[in-house]
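Below you'll find the structure, written out as C-alpha cells, and then a few comments.
All chains are named by letter (A, B, ...) in the order of the sequence lines, taking the proteins before the strands, and each is independently numbered beginning at 1.
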2 protein chains.
Amino acid sequence: MRPLFHPSLDDIRPEGILHALSDPVRAAIFADIASIGCVETCSAFASVGNRIIPKSSLSQHFKVLREAGLIRSERHGVEMRNTSRCGEVETRFPGLVAAILNAYLGEAKRAEASL
Amino acid sequence: MRPLFHPSLDDIRPEGILHALSDPVRAAIFADIASIGCVETCSAFASVGNRIIPKSSLSQHFKVLREAGLIRSERHGVEMRNTSRCGEVETRFPGLVAAILNAYLGEAKRAEASL
DNA sequence: CCCATAGTTCGGGAAATTGGAACTATTGAT
DNA sequence: ATCAATAGTTCCAATTTCCCGAACTATGGG
C-alpha cells in the first residue's frame, strides 16, 4: 500500500476541486468533514442519504477528494482520519468552497421543502 | 435537428454547474461568454489557449454548458448566439459562479507569472 | 498466531468523452 | 430555383473514466 498522496497547496487546481465536488456523494462527504472542523473515518459514510455506498467506491471517493486537495487523510491505528483542508484552500481560492457548499445546502433545503 | 433544451431556473443543479465548469476548456468558454459582451458564436472558440478544438467537441461543450443552465443559445441566421445566464444562476446559487470564475482567473495569472 | 476491522487494489462491465465524417439548416450568389 | 458556403449538430467508434464485487493489505486485540 503506497503512502497516500496529498498535493501541496500550490498544486491544487480549480478543475480538480470542481470535479471532486461535482459528484453529490463526494460533496456530501466533504460537507460533513468540513462542518464543525470534523474528523471522520471513511466507514462513517457507508451510506449517504439513503444510498448505500460500497467501500471500494468510498475509497475512490476519498482518494478523489484527497488528490483534489480538499481533505487530508491520516492513518490512526486501524482507521483513517479525514480532515478538511478548507482553510488552506480558502487562501488560494477565496470563497470557492463556501459557495459550493452553500449551493448544495440550498439544494438540500429545497428537496426537503418539496416533499 | 431537435430544438435546443434549456433547463428552467428551478431545474438547475449545483452538480451540473460544477461538472460543466470542471473542464478548463468549458470554463474558458464560459468565462468569455460571461464577461462583458455576453454574445458569442460557437466558432469564436475554434481554439482555446493554443489548443485547437474540433467543432464536434465544441458543440458538445456548448451543450453541456447549456444543459447545466449556464448559457442560453439562440439561432440567429446561420450562427448561434450564446449569452450567459449568470444573473439567474446568481439568484439561486449566490456567489457560486463568481467564485469559480475567480478561481480560474487566479490560476491563469499564476501560470502567466511563472513563465 | 489468528481473527476482526478498516481500507486499498484489481479487474471487468457500464457510462461518458473525444473527434472525424456525414448530415442539416440558413444565407447569399448565380 | 439551384448551388455553394458557412455554422452547428448528429453519428459512431475508439478511448477514457467510473462503478462495484472480490481479493488483498495493514493494524490491533485476544
Side-chain angles (χ1 to χ4, degrees), chain A residues 1-6 13 15-30 32-33 38-68 70-83, chain B residues 1-6 13 15-30 32-33 37 39-68 70-83:
Chain A
M1 211 172 287
R2 61 191 83 108
L4 301 176
F5 172 71
H6 292 86
R13 306 255 165 272
E15 54 266 44
I17 292 179
L18 298 195
H19 172 250
L21 297 179
S22 69
D23 179 311
V25 169
R26 279 193 296 265
I29 291 172
F30 178 67
D32 219 85
I33 294 174
C38 253
V39 176
E40 296 283 356
T41 63
C42 296
S43 55
F45 296 95
S47 72
V48 168
N50 52 7
R51 211 177 131 221
I52 292 167
I53 314 288
K55 59 182 189 164
S56 57
S57 303
L58 263 188
S59 182
Q60 287 305 312
H61 285 321
F62 277 91
K63 183 181 182 187
V64 171
L65 289 170
R66 191 164 53 235
E67 298 192 344
L70 288 163
I71 64 174
R72 198 176 286 285
S73 310
E74 291 171 284
R75 174 151 230 153
H76 278 256
V78 76
E79 69 192 17
M80 217 65 172
R81 302 224 184 125
N82 298 286
T83 56
Chain B
M1 211 172 288
R2 61 191 83 110
L4 302 176
F5 172 71
H6 293 86
R13 306 256 164 271
E15 53 267 44
I17 293 179
L18 297 196
H19 171 251
L21 297 180
S22 69
D23 179 313
V25 169
R26 279 194 296 265
I29 291 172
F30 178 67
D32 219 86
I33 293 174
V39 176
E40 295 284 353
T41 62
C42 296
S43 56
F45 297 95
S47 72
V48 168
N50 53 8
R51 209 175 131 223
I52 292 167
I53 313 288
K55 59 182 189 163
S56 58
S57 302
L58 261 189
S59 183
Q60 285 306 312
H61 285 321
F62 276 91
K63 183 181 181 187
V64 171
L65 290 170
R66 192 164 53 235
E67 298 191 346
L70 288 164
I71 64 173
R72 199 176 286 286
S73 309
E74 292 171 284
R75 175 154 229 151
H76 278 256
V78 76
E79 70 191 16
M80 217 65 172
R81 301 221 185 130
N82 298 286
T83 57

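- Following rounding to the nearest Å, L58(A) (CG) and dG7(C) (C1') show an atom-to-atom distance of 10 Å.
- Between I52(A) atom CD1 and dC20(D) atom C1' there is a gap of 13 Å when expressed in whole angstrom units.
- Along DNA chain D, the nucleotide nearest to R51(A) and the one nearest to R66(B) differ in position, and the one closer to the 5' end is contacted by R66(B).
- Side-chain to base pairing of S56(B) with dG19(C): one donor and one acceptor N or O lie within less than 3.5 Å of each other.
- Residues R26(A) and H61(A) have side chains that bring a donor and an acceptor to within less than 3.5 angstrom of each other.
- Contact of the L4(B) side chain with the M80(B) side chain is registered, since non-hydrogen atoms from C-beta on lie closer than 4.5 Å.
- Along DNA chain D, the nucleotide nearest to K55(B) and the one nearest to K55(A) differ in position, and the one closer to the 5' end is contacted by K55(B).
- Rounded to an integer number of Å, the gap from CD of Q60(B) to C1' of dT15(D) is 15 Å.
- With rounding to whole Å, F5(A) atom CZ is found 21 Å from dG7(C) atom P.
- The residues E79(A) and R81(A) are annotated as salt-bridged, a charged nitrogen and a carboxylate oxygen being separated by less than 4.0 angstrom.
- Remark: C1' of dT8(C) and CG of N82(A) are 14 Å apart, rounded to the nearest angstrom.
- Nearest to the side chain of V78(B), among dC20(D), dA7(D), dG7(C), sits dA7(D).
- Relative to the side chain of L4(A), the nucleotides dT18(C), dT9(C), dT8(C) differ in distance, and dT8(C) lies closest.
- Annotation: the span from T83(B) atom OG1 to I71(B) atom CD1 amounts to 8.0 Å, rounded to 0.5 Å.
- The closest donor-acceptor contact from the side chain of R51(A) to the backbone of I53(A) lies at 3.5 Å or more, if one exists at all.
- Residue H61(B) contributes atom NE2, which lies 9 Å from atom C1' of dT17(C) at whole-angstrom precision.
- If you take NZ of K63(A) and C1' of dT17(D), they are 12 Å apart, rounded to a whole angstrom.
- F45(A) is not listed as a side-chain neighbour of V25(A), based on a closest heavy-atom distance of 4.5 Å or more.
- In this model, the phosphate group of dG19(C) is approached by a side-chain N or O of S57(B) to a distance below 4.0 Å at OP1 or OP2.
- When heavy atoms are screened at a 4.0 angstrom cut-off, H76(B) is found touching no nucleic acid atom at all.
- Distance check, rounded to the nearest 0.5 Å: CG of L65(B) to CG of L21(B) gives 6.5 Å.
- The shortest distance between the side-chain N/O atoms of H19(B) and the OP1/OP2 oxygens of dT17(C) is below 4.0 Å.
- Bending across the helix from dC1(C)-dG30(D) to dT30(C)-dA1(D), expressed as the angle between its end axes from five pairs apiece, amounts to 0° (10° rounding).
- Taking the salt bridge (Lys or Arg N to Asp or Glu O under 4.0 Å) definition, one finds that R13(A) meets it with E107(B), sequence neighbours left out.
- For F62(B) and dT10(D), the CZ to P distance is 15 Å, given to the nearest whole Å.
- Taking 4.0 angstrom as the limit, S59(A) places a side-chain polar atom (N or O) nearer than this to OP1 or OP2 of dT8(C).
- The listed nucleotides are dA6(C), dG19(C), dA25(C); the one nearest the side chain of E79(A) is dA6(C).
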